[in-house]
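Notes follow the structure.
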Protein chains: 2
Amino acid sequence: MAKKIIIDTDISTEEKIREAARKVFTKKGYAATRTRDIAEEAGLNLALLNYYFRSKEKLFAEVMTEKVQQLFGVIAPIINDPSTQLNTKIVRLAESYIDMLSQHPDLPIFVLSELRNNPVQFTSKMQIGPLIKDSILIRQLIEKRPAINPLHFITNILGMAIFPFIAQPIFLSTAIMDARQFKVLMTERKTLIPVWVNGMLEIEPHSKTDKTNKHEE
Amino acid sequence: MAKKIIIDTDISTEEKIREAARKVFTKKGYAATRTRDIAEEAGLNLALLNYYFRSKEKLFAEVMTEKVQQLFGVIAPIINDPSTQLNTKIVRLAESYIDMLSQHPDLPIFVLSELRNNPVQFTSKMQIGPLIKDSILIRQLIEKRPAINPLHFITNILGMAIFPFIAQPIFLSTAIMDARQFKVLMTERKTLIPVWVNGMLEIEPHSKTDKTNKHEE
DNA sequence: GTCTATAACCTGATAGAC
DNA sequence: GTCTATCAGGTTATAGAC
């Protein structure tokens, strides 16, 4: 009956490197990161990086794949849940993203700025395109507002949750707000975003658009 | 009466370098850019970069300052115009940003990702903080909706205009949409954003928020 | 002002001892 | 597995001819 409890306080060297790489790559980006920075951050020698991961590029690829999934993995289970209504999906998207990004504020700017160079390599396997385009959420949005492209609403939901984190460095450094205020605002946003988006789904846009575009579509 | 018309088709070498630097830095970021790339892009020799600008860093600083102003300069004249109403300011912000970013789609991701490293150096002189916090727009937003922090609405207006361009590489590479569709959507957004934001300003959020924050402000 | 050649430095990767 | 020492290649910056 004597339980053997082994508390593994020692993290493996490989994981130490991976963790350091996550931190440094995420903060500085691939090109600005030196393998020496990662080694130092891990409290280890440079040679060990190449022993465990063959090259800087391969180490980066592991981190990047992980981070892309961290950023986009949130979406899939929510937008394709057949048991939830439109409104619930919006609530969950806002909450999940704001909670997750509060823990990892520099995730979006890292992923999006690295992805602009070679987007296909890291997104192709996740099938993000079909995942979104054929999603239940899209179907529900079309049903609710057939006249407006549903991608507008998806962009808005994600943008209202993610954009503040992308702009955070400017907010803080220009004293538009401080870290405490930012946290308060992001908590408020979890309830405000669904309210706002529901509003968008109800509003009938003025027929002003017809006047400006008289020519045929 | 013989007019001397001198058409200056030759751009000065200095301007050729600056133009090439704008292009390469904006596309690849500071760290990933090699001075050789810029020289090649300009069709010139590497040594000339150091002749005209003392170093890669100084050349970058010039480009960066310019780009920061390009991205944030749009805001100032609109949000502090005493002759326009709240709604007009929203319309102008959406239109100006979407028009400008349609011409320079990779501007936001470049500026925001470079700014995360040393934000103060490039934003301090523009006084972006006071410019926004003491703006007429903020006053008008508070007047219209005293219960909600006006920064929410500013974040939303800017986010709905800018975020699509930040996400554009993913949209295109994952085939969520193609370039033509993106253009159509962004044109629609110029009229939709003001409609949506006006909606936000009218909606009375459920009193649910009061329950969560019982403490005094 | 513009070029070629090269210096001075930095960075990723490896060899080899322990 | 982990370290020190070092190599090979690339990058910024400059010297010096034209």
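Chain A is the first sequence line, chain B the second, and so forth, proteins listed ahead of strands; every chain is numbered from 1. Everything quoted here is computed from the prediction, not taken from an experiment.
Of the possible polar contacts, none joining the B:R92 side chain to the B:K89 backbone as a donor-acceptor pair under 3.5 Å is found.
Straight-line distance from the CD1 atom of A:I38 to the C1' atom of C:dT11: 12 Å, rounded to whole Å. Here the P atom of nucleotide D:dT2 and the CD atom of A:E14 are 10 Å apart, to the nearest Å. In this structure, B:F53 atom CZ and C:dT2 atom P are separated by 12 Å, rounded to whole Å. Put simply, CZ on B:F60 is 17 Å from C1' on D:dT11, counting in whole angstrom units. For the pair A:E40 CD and D:dC3 P, the computed distance is 14 Å after rounding to whole Å. One can place NZ of A:K58 at 10 Å from P of C:dT14, the figure rounded to the nearest angstrom.
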Would you give a per-nucleotide map of nucleotides 13-18 of chain D, 5' to 3', where B means the base has a protein non-hydrogen atom under 4.0 Å away, S means only the sugar-phosphate does, and - means neither? BB----

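Near DNA chain C, meaning a heavy atom under 4.0 Å away, the residues from residues 27-34 of chain A are A:T33, A:R34.
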Could you walk me through whether A:R189 and B:N156 satisfy the side chain to side chain donor-acceptor pair (under 3.5 Å) test, starting with their C-alpha distance in whole Å, then the side-chain angles of each, then the deciding distance to 0.1 Å, before giving a yes or no? CA-CA 11 Å; A:R189 258 170 187 260; B:N156 288 347; 2.5 Å; yes

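With sequence neighbours left out, B:F60 forms a ring-ring contact (aromatic ring centres under 6.0 Å, His included) with B:F25, B:Y30. The ring-ring contact (aromatic ring centres under 6.0 Å, His included) check on A:Y52 picks up nothing, with sequence neighbours excluded.
Within the model, atoms CG of A:D81 and OG of A:S135 stand 12.0 Å from one another, a figure rounded to the nearest 0.5 Å.
Relative orientation of the A:F171 and A:F182 rings is tilted, given thresholds of 30° and 60° on the angle between their planes.
For residues 59-74 of chain A, the salt bridge (Lys or Arg N to Asp or Glu O under 4.0 Å) pairs, not counting sequence neighbours, are A:R18-A:E62, A:R22-A:E66.
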When the side chains of residues 119-132 of chain A are checked against the rest of the protein, which donor-acceptor pairs come out under 3.5 Å, sequence neighbours left out?
residue: A:Q121; atom: OE1; partner: A:N118; partner atom: ND2; Å: 3.4
residue: A:T123; atom: OG1; partner: A:P119; partner atom: O; Å: 2.7
residue: A:S124; atom: OG; partner: A:V120; partner atom: O; Å: 3.0

